[in-house]
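Read the structure below first, then the notes.
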Amino acid sequence: MSNTDQNTTEAVSSTESNTAAARNGTQKAETGAIEIDDVAKVYDPDGDHVVAVEDMNLDIEANEFITILGPSGCGKSTVMECVAGYLEPTEGEVRVDGTRVNGPDPSRGVVFQANRLFPWLTIAENVRFGPRMRSEVDNERVNGLIKQMGLDGFEDSYPHELSGGMQQRAELARLFANDPDIMLMDEPFSGLDAMTKELMQEALLEVWENESRTVIFITHDVEEAIFLADRVVVMSARPGRAKDVLDVDLERPRSLDMITTDEFTRVKRRALDLIHEEAERAMEQAAGRVD
Ligand SMILES: Nc1ncnc2c1ncn2[C@@H]1O[C@H](COP(=O)(O)OP(=O)(O)OP(=O)(O)O)[C@@H](O)[C@H]1O
């Protein structure tokens, strides 16, 4: 084995033991740092040349919870898909723990707005699916996640027998069961009623606070973005880039009554001002008044 191979093997195994220890709650994993480095993405269907994202730069630390806000069509999903490895940037690159992203990887789990549970599998089978594919089923962990998501008693139900909120909770349990270092969530709660959404936010934070991972969470809901995040990224109108990054200086664990604090109000006011500016710019763009 070359020195380089040996070093790499040692680095990987120390990362694995670090991750395992962190999942057992003894320390935080240090994997899952993301660098979005000068990323641009141009879509060119039928020669239309849509510059979706340009000059996008963002460094995210391992275990950070980042939310992304921005006007419709500004490129939020495009950025997330570049991090997931579903899309290749036209310029620049995304690195995870220093390594360039070249395609999808199980260490980066993705959740979309519409849940992707398999309709022909029960809830427990859905949650077990990823670990089973890797021959790594830990029934205690799967049952624990089902319980944490308030789904005990529904293990043998099929997705269509559950409400939308319960299906989305099953989707979260499935995501955590896959044990990704990075969780990429594209408006996962946007179809839910206000009460269910609050319960989902609390459930997500509860599991995340126990088992730190890096999260990028896209939302159009300013309060949701602030309540969940360590930092809120506000993107500019298309072509999207990080217009500003707002620190959320609220202690954890978070509770919903924090939305009345001065800090919450400060961040909310700033976020709304930025979004308003960008929404106006997007409308002027659409009307052909600015580039
Ligand atoms: N496959 C594609 N081909 C052509 N254009 C695309 C494609 N995917 C996205 N776009 C365009 O790129 C821009 C950014 O899209 P994207 O979905 O990333 O934005 P978004 O901020 O996530 O939008 P929303 O908030 O509405 O979900 C939009 O103008 C969109 O129409």
Side-chain angles (χ1 to χ4, degrees), residues 34-58 60 65-94 101-104 108-116 164 168 171 182-192 197 200-201 214-229 231-246 268 271-291:
I34 303 168
E35 294 161 272
I36 300 172
D37 188 0
D38 265 336
V39 163
K41 179 69 192 173
V42 178
Y43 294 104
D44 210 358
D46 313 318
D48 279 351
H49 201 78
V50 178
V51 185
V53 174
E54 198 169 54
D55 297 329
M56 177 71 192
N57 286 288
L58 185 65
I60 302 173
F65 201 126
I66 293 288
T67 51
I68 300 185
L69 285 169
S72 210
C74 74
K76 300 179 292 296
S77 301
T78 299
V79 169
M80 182 167 280
E81 290 187 37
C82 289
V83 177
Y86 297 160
L87 286 177
E88 195 181 338
T90 313
E91 285 173 30
E93 64 180 27
V94 177
V101 169
N102 283 320
R108 298 188 296 278
V110 184
V111 172
F112 297 96
Q113 178 183 347
N115 82 68
R116 309 273 169 112
Q168 213 50 350
E171 178 81 42
I182 294 172
M183 305 204 310
L184 304 170
M185 310 179 83
D186 196 348
E187 301 188 51
F189 306 152
S190 66
L192 304 175
K197 194 170 174 178
M200 293 297 303
Q201 291 162 0
T214 313
V215 179
I216 302 182
F217 185 110
I218 294 176
T219 177
H220 283 278
D221 177 337
V222 177
E223 291 196 349
E224 176 172 69
I226 301 167
F227 178 64
L228 295 172
R231 290 188 295 156
V232 179
V233 177
V234 182
M235 285 183 64
S236 67
R238 190 168 65 79
R241 62 183 167 77
K243 180 180 168 80
D244 208 345
V245 182
L246 311 178
K268 184 173 170 183
L272 286 172
D273 283 348
L274 289 164
I275 291 165
H276 188 75
E277 271 172 37
E278 287 310 307
E280 275 192 346
R281 211 162 67 84
M283 280 185 344
E284 292 193 359
Q285 262 175 1
R289 288 198 288 269
V290 293
D291 291 335

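First listed ligand is number 1; within each ligand, the first listed atom is number 1.
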Atom 27 (O) of ligand 1: the protein heavy-atom neighbour that sits closest, reported with distance to 0.1 Å: Glu187 OE2, 3.7 Å
Phe189 vs Phe217, ring-ring contact (aromatic ring centres under 6.0 Å, His included): CA-CA, chis, key distance, verdict: CA-CA 10 Å; Phe189 306 152; Phe217 185 110; 5.6 Å; yes
Would you be so kind as to tabulate the donor-acceptor pairs closer than 3.5 Å made by side chains of residues 67-78, with sequence neighbours excluded?
unit_1, atom_1, unit_2, atom_2, d
Thr67, OG1, Ala225, O, 3.0
Lys76, NZ, Gly70, O, 3.0
Lys76, NZ, Pro71, O, 3.1
Ser77, OG, Asp186, OD2, 2.8
Thr78, OG1, Tyr43, OH, 2.8

Heavy-atom nearest neighbour in the protein, as seen from atom 8 (N) of ligand 1, with distance rounded to 0.1 Å: Tyr43 CZ, 3.3 Å
Nearest protein heavy atom with distance in Å, relative to atom 15 (O) of ligand 1: Thr78 OG1, 3.8 Å
Nearest heavy atoms of Val101 and Cys82, plus distance in Å: CG1-O, 3.8 Å
Residue-ligand contact His220/ligand 1, heavy atom below 4.0 Å: yes
Top protein contact for atom 19 (O) of ligand 1, by heavy-atom distance: Gly75 N, 3.2 Å
Non-hydrogen atoms of Arg116 and Glu171 that approach each other most closely: N-OE1, 2.8 Å
Heavy atom of protein closer than 4.0 angstrom to atom 2 (C) of ligand 1: yes
Distance-only polar pair, side chains of Thr219 and Glu224, donor-acceptor under 3.5 Å: yes
Protein contact to atom 26 (O) of ligand 1 [nearest heavy atom, distance to 0.1 Å]: Ser72 OG, 2.8 Å
Closest contact, heavy atoms only, Ala271 versus Val222: CB-CG1, 4.0 Å
Donor-acceptor under 3.5 Å (Arg108 side chain, Val83 main chain): yes
Which segment of Arg238 sits under 4.0 Å of ligand 1 when only heavy atoms are counted: side chain
Nearest-contact summary for atom 25 (O) of ligand 1 - protein heavy atom, Å: Lys76 NZ, 2.7 Å
Closest protein heavy atom to atom 17 (O) of ligand 1, given as residue, atom name and distance to 0.1 Å: Ser77 CB, 3.8 Å
Protein contact of atom 23 (O) of ligand 1 - nearest heavy atom, named by residue and atom, plus distance: Gly73 N, 2.9 Å
Which of the ligand 1 atoms, numbered from 1, are nearer than 4.0 Å to a heavy atom of Ala52: 12 (O), 13 (C), 14 (C)
Lys41 bridged to Glu91 by N-O distance under 4.0 Å: no
Which segment of Glu81 sits under 4.0 Å of ligand 1 when only heavy atoms are counted: neither
Nearest heavy-atom neighbours spanning Val79 and Met56: CG2-CG, 4.0 Å
